[in-house]
Amino acid sequence: MNRYLILDLETTGLDWWREKIVGIGIRLEPEGREEFFPYPDPGWLREYLLEYRDRIWIGHNIKFDLLFIHYPPEVVYSLQIRDTMDMVHLYDSRLSKSLVEVEKEFLGSETKFWHLHQENKRKIKSWDLDKVKEYCLNDVLITWNVFRKLEPELEKLEVLHIFRKNMELLKVLYEIEYFGFLFDKEEADRSVKILEENLKLQEEQFFQKAGVRFNWRSHKQLSYYAYDYLNFPRPENPFLDPVTGEDLGRNPESRKYNSTMVSSSILVGKAKHPWALDIQFLRETDKAIDFIQRLSSLTDDKNFLHSSFNISGTRTGRISSSRPNLQNIMSGMRGFFLSSSFMDAEAVEAILNRSQAYNVRRLFIARPGYKIVSIDYKQMEMRMFGIVSKDPHMLEFLQSGTDIHSQIAQRVWGKADEITRDWAKQIGFGLIYGMTMGSLRFRLNLTLEEAKKITSDYWNTFPTIRPWLFGVVEECKKRGYLRYWSGRIWREDRVEKMYRGANALIQGGCADLLSVAVLRVNNYIKRNNLDIRIVNLVHDEIVFEMREEDFEHIPKIANLMQVEDLFGIPFIVDVKIGRSHGELESYGKSDTGTGKQIFSQ
DNA sequence: TGACTCTGCGCG
DNA sequence: AAAGCGCGCAGAGTCA
């Protein structure tokens, strides 16, 4: 019979490296014994709980609690852990993971809700300790009951093997978060200064051009000055329902259009507004400043960032990242070269000389003596698409490992030039995202006839793809869910949304593949006792920090990532190395003749 | 003042 | 005749 330790912490905040534990509640099962310790001494607490290290530890988002207790990663690796938050996610990724909602959904009670109704959680420091104790032990009890309820459910759904895999992945994520990613704060401060000067310069140029000063960050004000004040025709909202007049653009499912009409794509594309590029550039600089300041505010006293990697944060099974989000860091300027037209030559030069400041990734650096090594998958989603759709021609291309879009173009249209390669690429995206014909037309800048011809050529060349897409929807209609290659379940009961299932199978399939790769690579690192850390995960990329003398392990790591045994074809990877995440250079060469990476030994 | 929504935009 | 997948975060606006 299994023995359990269920735990829950109350803390002063979310950041374990600078906040304090207010109290910890634990429950021992099967004894049913409860204990609560207010403001425990951290060292004492670590020792005390280890008396129960042979038990299975259960928590709702247990990684959070373990980080607050501050165990070294090797201790966490030695534990058996169960995260009820991930159990909920594997049961149905659409559900809210907050304990209040989880209690309601699976236990049918609202005890936590009523506790919170009486007290403000943000002021937990000022609660009576008796109250904290009662609240905390109630959370522990809910967690235990949710675990008991969901374990058999997950078994019935045949997803316990994914749950076990995820609990091992959680330990790797723990280690990534525990050590963190070194942030170059001095350089960040310099960049912010430069960007703020740039912003001032851009604002001045813009206000002069506009002939009026206002807060361009406000949609309301910008909309007024860009259209009414300028007497510039306001583009018609194409999402107004012609019959009812309802603004469908306000539908949260589709927020691309809005009544203010000041998004970049509308200003640039639809309105062709004279301020479009100026606004785009102002926003870009503003965004860069926001990014860097957010990062600077979250460093610990040694300038490390400890992002949270969440395995139950996405609909598809991808990992998400927060505080800070390390998966959307700017890599450089995008809109500048388009928008520089409104500036005088001097201003253009001034900003170009400072363009490095927009590369926020270069602020993520290796520790002294180490290098950043980034290994990412080439065209990962296209590969997964070929695998799940089982199209023989697509799979044949994937085997060779050369540029997939060019190969497709060659096969479909008999030649692979820039134009046909772009067609192939856009249709590939379209298939992965469920694009409509209208959108594809816009993307390719074609007439309806041309677009239809091109897509039908594509369908004819890959005969199983269209039937597969229909089949996915059919299966979802029939069962109410889809199952990934990994066994993970994706549920959807709205028929009109089931087309998203194809994307889920691809995006989520890639996510589960990456998690397998992470585990295998991590096992290799630990087994050989290597001084190599994973510092970031970005959907199709693993970022490492290692010494140059350990570069000899790169081919092995790259090979492990290719997981050739899983599908019979390798997921080809690309290796880059640099002093920071923003200054990477290719490492090794891929042999385009055979398509085999040199890393596949 | 805080909680919430809306909108826009960075990344894969 | 343009608007598809998955995130997290920030400022402005709104309301109590």
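Lettering of chains follows the sequences in order, A, B, ..., and the numbering in each one begins at 1.
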Are [X] and [N] close enough that a side-chain N or O sits under 4.0 Å from OP1 or OP2?
X: A:Arg500; N: C:dC5; result: yes
X: A:Tyr499; N: C:dC5; result: yes
X: A:Arg361; N: B:dG12; result: yes
X: A:Arg294; N: C:dA10; result: yes
X: A:Ser321; N: B:dG12; result: no
X: A:Ser331; N: B:dG10; result: no

Problem set entry | First of A:Arg318 and A:Gly269 reached from the 5' end of DNA chain C, by closest nucleotide |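 Its nearest nucleotide lies further toward 5', so the answer is A:Gly269.
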Is there a donor on the side chain of [X] or the base of [N] sitting less than 3.5 Å from an acceptor on the other?
X: A:Arg443; N: C:dG4; value: yes
X: A:Ser265; N: C:dA3; value: yes
X: A:Asn328; N: B:dG10; value: yes
X: A:Gln327; N: C:dC7; value: no

For this session: Measure from the side-chain N and O atoms of A:Thr455 to the backbone N and O of A:Lys452, and report whether any donor-acceptor pair falls under 3.5 Å.
Result: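 Flag set: sc A:Thr455 to bb A:Lys452 pair under 3.5 Å.
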Exercise. Is the backbone of A:Thr464 close enough, under 3.5 Å, to the side chain of A:Asp391 for a donor and an acceptor to pair up by distance?
Worked result: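 At least one qualifying donor-acceptor pair exists.
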Problem set entry | Intra- and interstrand pairs of DNA chain C - dot-bracket, Watson-Crick/G-U under 3.5 Å, | marks other strand | ....||||||||||||
Can you tabulate the close N/O pairs, meaning under 3.5 Å, that link protein atoms to atoms of nucleotides 13-16 of chain C?
{"from": "C:dG13", "atom 1": "OP1", "to": "A:Ser218", "atom 2": "OG", "distance (Å)": "2.7"}

For this session: For the residue pair A:Gln202 and A:Thr285, confirm or rule out a side-chain donor-acceptor distance under 3.5 Å.
Result: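 Checked: A:Gln202/A:Thr285 side chains pair up, N/O donor to acceptor below 3.5 Å.
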Problem set entry | Step-by-step side chain to side chain contact (heavy atoms under 4.5 Å, CB included) determination, A:Met330 to A:Arg361 | CA-CA 6 Å; A:Met330 287 175 75; A:Arg361 288 191 182 193; over 6 Å; no
Exercise. Under the 6.0 Å and 45° cation-pi test, does A:Arg491 pair with A:Tyr91?
Worked result: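 Output yes; distance and angle both within limits.
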Exercise. Roughly, in whole Å, what's the span from CE in A:Met261 to C1' in C:dA2?
Worked result: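 These atoms are roughly 12 Å apart.
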Problem set entry | Crowding at CZ, A:Phe429 (>12 non-hydrogen neighbours, <6.0 Å) |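 Count not over threshold, so no.
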For this session: Give a yes or no on whether A:Lys425 atom NZ has more than 12 heavy-atom contacts from other residues, nucleotides or ligands under 6.0 Å away.
Result: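 Check fails, neighbour count at 12 or below.
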